[in-house]
Amino acid sequence: MPCILDIKDLRKSYEGGFEALKGVTLEINEGEIIALLGPNGAGKTTLISTICGITSATSGEVKVAGHCIKDDFRAARRLIGLVPQEVALEPFEKVINTVRFSRGLFGKSRDEAAIEHILRRLSLWDKRNNPIKELSGGMKRRVLIAKALAHEPRVLFLDEPTAGVDVELRKDMWDIVADLKADGVTIILTTHYIEEAEAIADRVGVIAKGELLLVEEKAKLMARMGKKELEVQLTEPLAAIPAALSKYNLTQTADKTAVIYTYDTKGERTGITQLLNDIASAGLSLRDVSTRQSSLEDIFVTLVQEDAA
Amino acid sequence: MNWTAIKAIYVFEMARFFRTFLQSLISPVISTSLYFVVFGAAIGSRIDQVDGVNYGAFIVPGLIMLTVMTQAISNASFGIYFPKFIGTIYELLSAPISFLEIVLGYVGAAATKAMFIGVIIMITSFFFVDIQIQHPFAMVLFLVLTCISFALFGFIIGIWAKNFEQLQLVPLLIVTPLVFLGGSFYSISMLPPVWQTISMFNPVVYLISGFRWAFFGLEDVPVLTSLLAIGFFTALCLAAVYWIFKTGWRIRT
Ligand SMILES: Nc1ncnc2c1ncn2[C@@H]1O[C@H](COP(=O)(O)OP(=O)(O)OP(=O)(O)O)[C@@H](O)[C@H]1O
Ligand SMILES: [Mg+2]
């Protein structure tokens, strides 16, 4: 897949000297979905704003399908759609007019069929003639997406598209993203919800304090960083962990009826057989065993903590 | 140049105007009528004529200018301040357009609205007084130039303003006094010599004088000087806009 977005050593210092981006380098391939995770103030919005032209970079280079965002900004921006983090819409304007406006602003001639298609896809067609102030919060968010799609961009930035959105709408949003991906649109989204990245992204990037700590394919990332937990339920509650089992670093559940063993799926041996043998030798009897894969969330928390340390 | 974008901004802004068409017109029409009652009837009954022109008619060009200037400024400043205020400016900044398209769209729309209202005021005034326009082309030229230059000025204010108070400040503190002292309701020659001299520093004097010349052939200053003055003011605003464009002042962080 060709690279559609090429970010090289992008830096941004705000007035007053605060460095919000400390040299971000990232290549994004056409048609992929990349999720950027990061705590509040990590620089996710700054990164997007700089690429889209809302703030200007202090240094570094960004190319969209080969077009530099500075020297060739018209060609670059024509390819980009942006859904901002904050809902910002003209309250008294009709839905359909703001979407038409966006299309015109990006230099595309009027095309009612295209507008209808977008509004229907976002379930806004019935509301097309309502002023925006009469829409619910979730609908407003979809209007923002409709506006961003109005000029049929090839790269779509979604800055926290599901913040403050209910479960159902979040699923809707994921469907929309999947739909767009099927059309070949490249999607860069930021989120605090790791399940979101897990559910829809092909690659995951983690940003903290203006630095891209890692970018990796989601599956690989989870395999590489993934820890698994083995929960061993016992027939009798256990007052304390026997000394013979101390080398396994077991933790006990609150009700003391189970012990938890954490192991690395990357390791040569997981040590499970040994542990189960030792448990038997210690005279404990098992009721049940189960394993659990740690989520991206754990990975993310670990990474950000490591960075802070 | 992205003409489609300019058109999109222009159409969108004009739609806002037409959505509130009645409100947009009612206040200027009512205030003009009030001026006619107060200045035309009350003062006019004592002044009667200025340089051979009936006082009620004499104040018409000044009244139109007063309205057109304040409307051009408030429309343009609000037009660009509002997206900054509610955050929709992100779309202008991320669109494949330069500052030039933004200026043309917003200033064009604001100037058109001001022009619209100016014409309505003129029509209103015809109900109160009899007027012959001696130089219709010059009249239109002055009107258009004033609309454009003051819309540019308003646009700069809208970019500069950080809150609604600042948005009102310049029109209230600078423009209104300048317009009132600019000979809207009197001829500069009616003032004591000292004030006549001071008035020459008021740019609005030149505009109103030129505009009035187009109506009645009367001038406080030569009409060419008036044209030069408005040309100079427009150039000044264009230079400021160009500087904003180059530096991204108060728009792009
Ligand atoms: N206009 C600005 N002027 C000065 N500092 C800013 C500005 N915008 C953002 N910052 C700072 O830059 C840093 C990164 O902000 P940014 O909005 O990019 O974070 P984020 O990752 O999007 O956070 P969140 O998840 O809360 O949206 C923060 O410390 C913020 O205070
Ligand atoms: Mg953000």
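Below, read A as the first sequence line, B as the second, and so on, with proteins coming before strands; counting in each chain starts at 1. Quantities reported herein were computed from a predicted structural model and do not represent experimental measurements.
- With a threshold of 4.5 angstrom between heavy atoms, A:K12 approaches chain B through side-chain atoms but not through N, CA, C or O.
- Remark: B:W249 CH2 is packed, more than 12 non-hydrogen atoms of other residues, nucleotides or ligands lying under 6.0 Å away.
- The environment of OH in B:Y242 is sparse: at most 12 heavy-atom neighbours from other residues, nucleotides or ligands sit within 6.0 Å.
- Residue-environment remark: CZ (B:F126) exceeds the threshold of 12 foreign heavy atoms within 6.0 Å.
- Closest non-hydrogen pair, A:E90 versus B:I86, comes out as CA-CD1, 3.9 Å.
- Among A:G53, A:A76, A:S109, A:A148, the residue making the largest number of heavy-atom pairs under 4.5 Å with chain B is A:G53.
- At most 12 heavy atoms of other shown residues, nucleotides or ligands fall within 6.0 angstrom of atom CZ in B:F232.
- Top candidate by heavy-atom pairs under 4.5 Å with chain B, chosen from A:L89, A:I54, A:V87, is A:I54.
- Smallest separation of non-hydrogen atoms from A:K108 and B:T4: O-CG2, 3.6 Å.
- Distance CD/B:E91 to OG1/A:T98: 8.0 Å, rounded to 0.5 Å.
- Side-chain contact between A:F92 and B:R16 is absent, with no heavy-atom pair separated by less than 4.5 Å.
- Put simply, CD on A:E86 and OH on B:Y90 are 11.5 Å apart, with the number rounded to the nearest 0.5 Å.
- With a 4.5 Å cut-off on non-hydrogen atoms, A:F106 touches chain B through its backbone and its side chain both.
- B:T88 OG1 to A:K147 NZ: the interatomic distance, rounded to the nearest 0.5 Å, is 7.5 Å.
- Formation of a donor-acceptor pair under 3.5 Å by the A:R100 side chain with backbone atoms of B:A8 is not found in this model.
- Ranked by heavy-atom pairs under 4.5 Å with chain A, the list B:G87, B:S98, B:G105 is led by B:S98.
- The line from CG of B:N2 to CZ of A:R78 is 6.0 Å long, rounded to the nearest 0.5 Å.
- Note that the CG atom of A:L105 and the OG atom of B:S94 stand 7.5 Å from one another [nearest 0.5 Å].
- Expressed to the nearest 0.5 Å, how far NZ of B:K7 lies from CZ of A:R110 amounts to 7.5 Å.
- When heavy atoms are compared at a cutoff of 4.5 Å, B:L92 approaches chain A by way of both its backbone and its side chain.
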